[in-house]
2 protein chains.
Amino acid sequence: MKNYSRQRETILQVLYSTDTHPTASAVYNEVRKVIPNISLGTVYRNLAALSEEGVILSLSVGDGYEHFDGNRAPHAHLHCKRCGKIYDAPLKQDILSGTAKENGFSSETTVYIVYGVCSKCRAD
Amino acid sequence: MKNYSRQRETILQVLYSTDTHPTASAVYNEVRKVIPNISLGTVYRNLAALSEEGVILSLSVGDGYEHFDGNRAPHAHLHCKRCGKIYDAPLKQDILSGTAKENGFSSETTVYIVYGVCSKCRAD
DNA sequence: TAATAAAATAGTAATCATTGCTGATTTAGG
DNA sequence: CCTAAATCAGCAATGATTACTATTTTATTA
């Protein structure tokens with residue numbers, strides 16, 4: 001286990017304790033409950049560092065915000081264009097890693113996104 | 001075939017004639033060779049409209065720009081973190097559509113992204 | 001332990017891709 | 001031809017993200 005700063009550790013815990021794919025700003029609001037005077041820049045910097053490290057996933061679904069995800073198991077992101085929520089869907093296998101390798105590409109991270117409408121919104 | 005404006009039609013042709021996943025700004029520069037006084041706002045608006053229509057794909061790989069893709073066949077995007085290029089890799093099947101359906105989610109568009117290093121950059 | 005270097009932080013200012021706005025122009029359908 | 005709706009060019013505004021700086025914390029070495 002790496003020796004993280006209190007700020008970085010807290011940010012990581014926030015991501016581990018939710019499945020809501022928060023934005024940097026949302027993470028900031030959560031972390032402030034523990035470290036009230038943390039700065040937004042610190043949140044951005046640590047999210048970038050953790051993402052670069054491969055500990056968390058950085059995800060862009062086209063809503064103007066970057067979303068962050070602590071779940072590193074292979075899974076798809078279902079983004080409802082109606083309500084904006086991002087749902088997780090487990091994947092049996094991470095087919096992309098193999099596809100990348102076949103193309104001479106070394107895969108480090110894979111992202112699966114589906115755009116559509118969730119069942120809840122379709123019911124309305 | 002829809003009746004597109006000259007601007008929208010030209011933008012679409014630019015996307016159909018490349019596999020480089022251009023940004024809005026890059027599309028703008030190409031289209032200007034045909035329509036010199038087109039405005040950047042028009043490019044953005046039409047890219048959004050075409051994307052909303054499902055005619056093109058809007059893709060964010062985390063480099064700060066939105067990328068656009070005229071290729072609607074199921075394929076993965078291999079994003080090299082070294083050189084920044086986005087390579088296409090054909091997929092045998094669009095497994096995400098099925099995964100979405102299993103979760104009660106109506107799929108309209110699917111996006112596959114792999115982050116890593118391309119063979120060319122690894123050789124250096 | 002004390003001294004020093006390196007890394008991380010809080011707070012704030014700057015950036016710049018994207019969106020919004022407005023008045024002019026084009027298109028569609030009678 | 002005529003009117004309404006759609007689209008446009010040009011430019012201003014927005015706001016998520018990044019950059020910067022002085023300060024604080026952590027790591028290293030003697």
Side-chain angles (χ1 to χ4, degrees), chain A residues 1-15 20-53 55-69 79 81 84 86 111 115, chain B residues 1-15 20-53 55-69 79 81 84 86 111 115:
Chain A
M1 184 59 179
K2 286 284 185 55
N3 198 8
Y4 288 155
S5 70
R6 188 161 97 92
Q7 288 84 347
R8 188 170 301 182
E9 185 62 39
T10 307
I11 288 167
L12 188 53
Q13 290 310 318
V14 165
L15 287 176
T20 59
H21 312 83
T23 63
S25 173
V27 171
Y28 175 58
N29 287 331
E30 275 307 305
V31 173
R32 272 211 287 184
K33 294 177 183 171
V34 182
I35 309 176
N37 70 326
I38 195 171
S39 83
L40 185 55
T42 295
V43 172
Y44 271 103
R45 184 162 25 77
N46 281 303
L47 286 171
L50 290 167
S51 180
E52 177 67 26
E53 225 188 310
V55 177
I56 66 172
L57 197 69
S58 180
L59 176 72
S60 181
V61 294
D63 62 355
Y65 306 88
E66 196 73 15
H67 294 260
F68 298 91
D69 188 348
H79 179 238
K81 62 163 61 171
I86 302 174
V111 170
Y115 297 97
Chain B
M1 185 60 177
K2 285 284 184 58
N3 198 7
Y4 288 155
S5 71
R6 188 160 96 92
Q7 287 86 346
R8 187 170 301 183
E9 185 63 38
T10 307
I11 289 167
L12 187 54
Q13 289 311 317
V14 165
L15 287 176
T20 59
H21 313 82
T23 63
S25 174
V27 171
Y28 174 58
N29 288 330
E30 276 307 303
V31 173
R32 273 210 288 185
K33 295 176 182 172
V34 183
I35 310 175
N37 71 327
I38 194 172
S39 82
L40 185 54
T42 295
V43 173
Y44 271 102
R45 183 161 26 77
N46 281 302
L47 286 172
L50 289 167
S51 179
E52 176 67 24
E53 225 187 311
V55 176
I56 66 173
L57 197 69
S58 180
L59 177 72
S60 179
V61 294
D63 62 354
Y65 306 89
E66 196 73 16
H67 294 262
F68 298 90
D69 188 349
H79 179 238
K81 61 162 64 171
I86 302 174
V111 170
Y115 296 96

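Excluded from the calculations below are hydrogen atoms, water molecules and symmetry mates; all remaining heavy atoms, backbone and side chain alike, are included. So you know, we letter chains A, B, ... as the sequences are listed, proteins then strands, and number each from 1.
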Decide side-chain contact (heavy atoms from CB on, under 4.5 Å) for B:Gln13 and B:Glu30; before the verdict, give the C-alpha distance in whole Å, the side-chain angles of both, and the deciding distance to 0.1 Å.
-> CA-CA 10 Å; B:Gln13 289 311 317; B:Glu30 276 307 303; over 6 Å; no
Measuring only between side-chain heavy atoms, which start at C-beta, is [X] closer than 4.5 Å to [Y]?
X       : Y       : value
A:Leu57 : A:His21 : no
A:His79 : A:His67 : no
A:Leu15 : A:Asp69 : no

For [X] and [N], what is the distance between atoms [atom1] and [atom2] respectively, to the nearest whole Å?
X       : N      : atom1 : atom2 : value
B:Arg8  : D:dC8  : CZ    : P     : 6 Å
A:Tyr4  : C:dA8  : OH    : P     : 11 Å
B:Asp63 : D:dA16 : CG    : P     : 19 Å
A:Glu9  : C:dA8  : CD    : C1'   : 15 Å
B:Tyr28 : D:dC11 : OH    : C1'   : 12 Å

Do the side-chain N and O atoms of A:Gln7 and A:Thr42 include a donor-acceptor pair separated by under 3.5 angstrom? no
Gap between atom [atom2] of [Y] and atom [atom1] of [X] - 0.5 Å precision:
X       : Y       : atom1 : atom2 : result
A:Leu12 : A:Tyr4  : CG    : OH    : 6.0 Å
A:Ser51 : A:Leu59 : OG    : CG    : 10.0 Å
B:Lys33 : B:Thr10 : NZ    : OG1   : 13.5 Å

Whichever of B:Asn46 and A:Gly41 has the more 5' nearest nucleotide on DNA chain D, that residue is B:Asn46
Testing D:dT17, C:dA8, D:dC8 for proximity to the side chain of B:Gln7, the answer is D:dC8
Please check the phosphate of [N] (OP1 and OP2 only) for any side-chain N or O of [X] closer than 4.0 Å.
X       : N      : answer
A:Tyr44 : D:dT18 : no
B:Thr42 : D:dT7  : no
A:Arg45 : C:dA8  : no
B:Tyr65 : C:dA17 : yes

For B:Leu47 and B:Ile56 the tightest heavy-atom approach is O-CD1, 3.6 Å
Which pairs, protein N/O on one side and nucleotides 23-29 of chain C N/O on the other, fall under 3.5 Å?
residue: C:dA28; atom: OP1; partner: B:Asn3; partner atom: ND2; Å: 2.6

Sorted by number, residues from residues 29-40 of chain B placing a heavy atom under 4.0 Å from DNA chain D are B:Asn37, B:Ile38, B:Ser39
